[in-house]
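Heavy atoms only: backbone and side chains are in, while hydrogens, waters and symmetry mates are out. Just so it is clear: chains get the letters A, B, ... in the order the sequence lines come, proteins before strands, and each one is counted from 1.
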Amino acid sequence: DTEVTQTPKHLVMGMTNKKSLKCEQHMGHRAMYWYKQKAKKPPELMFVYSYEKLSINESVPSRFSPECPNSSLLNLHLHALQPEDSALYLCASSQDGSPRGTGANVLTFGAGSRLTVL
Amino acid sequence: GQSLEQPSEVTAVEGAIVQINCTYQTSGFYGLSWYQQHDGGAPTFLSYNALDGLEETGRFSSFLSRSDSYGYLLLQELQMKDSASYFCAVSPLTDSWGKLQFGAGTQVVVTP
């Protein structure tokens, strides 16, 4: 299995809703990531989990709450979002988070969850 | 800090060769990566240069020259399916574990 699976593919939510995005990989990767991508822009890093511990939070607002229940799963809990949070949310994984060699430089991305906040 | 610059768009015909440059101003990094993303799709890893020189993977090659603060992705024998956005990315020396910095991306348009 060489895939990162994200659900749901599309999500529409109101500003008062609570929803979650899910991500799963079975490649034995020990680093997992959440990225946010707006149209015609590069992916922007949100969170990094390394060996199931949160290692990077890129000053993301608290209305986004990540969770890593185990080494294969990564969730992003959403609450009280704003319309400007509408974007493609990408999950990725890598062998580990090491910036040396092919660790963090070789990411496998999921297909993304396209979020629309009304 | 670091800044990666790429051309915003490149247009070429099928069968041609395209070179996408990535110039950078950075305090140092571990290596240069390239990713491809089709419209509506996920980024896909293409290549990684840890050292100066050329890396070849089929029709795609990537090059890095640290002394010139410059790298490129070379797409040969262009096919319609190569129409996509291409991002260069680095892991900065000064930043922590797992932080990949992406350039703004180059839209490649392949015409018949």
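- A side-chain donor from one of B/T106 and B/Q6 sits under 3.5 Å from a side-chain acceptor of the other.
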(Q) If you apply the rule side chain to side chain donor-acceptor pair (under 3.5 Å), what do you find for B/Y72 with B/S61, and how did you get there? (A) CA-CA 8 Å; B/Y72 67 72; B/S61 303; over 6 Å; no
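- The side chain to side chain donor-acceptor pair (under 3.5 Å) pairs that include a residue from residues 70-79 of chain A are A/S20-A/H77, A/E67-A/N75, A/E67-A/H77, where partners are two or more places apart or lie in different chains.
- Cation-pi geometry between A/R30 and A/Y49 is not met at under 6.0 angstrom from the ring centre and within 45 degrees of the axis.
- Highest contact tally toward chain A, considering only B/S8, B/S33, B/G41, B/P43, is held by B/P43 [criterion: heavy-atom pairs under 4.5 Å].
- There is a side-chain donor-acceptor pair under 3.5 Å between B/S47 and B/S62.
- Annotation for B/F102 and B/L4: closest pair C-CD1, 3.8 Å, computed over non-hydrogen atoms.
- In this structure, chain B has a heavy atom under 4.5 Å from the side chain of A/Q37, while its backbone stays farther away.
- Between B/Y35 and the choices B/F60, B/F45, B/Y86, B/Y48, the ring-ring contact (aromatic ring centres under 6.0 Å, His included) rule is met once, by B/F45.
- Using a 4.5 Å heavy-atom cut-off against chain B, the contacting residues of residues 105-118 of chain A are A/N105, A/V106, A/L107, A/F109, A/G110, A/A111.
- Between the A/E3 side chain and the A/T5 main chain, no donor and acceptor come within less than 3.5 Å of each other.
- Heavy-atom distances place no part of A/E44 under 4.5 Å from chain B, backbone and side chain included.
- Interface summary for chain A: among B/G103, B/S85, B/A89, the most heavy-atom pairs under 4.5 angstrom belong to B/G103.
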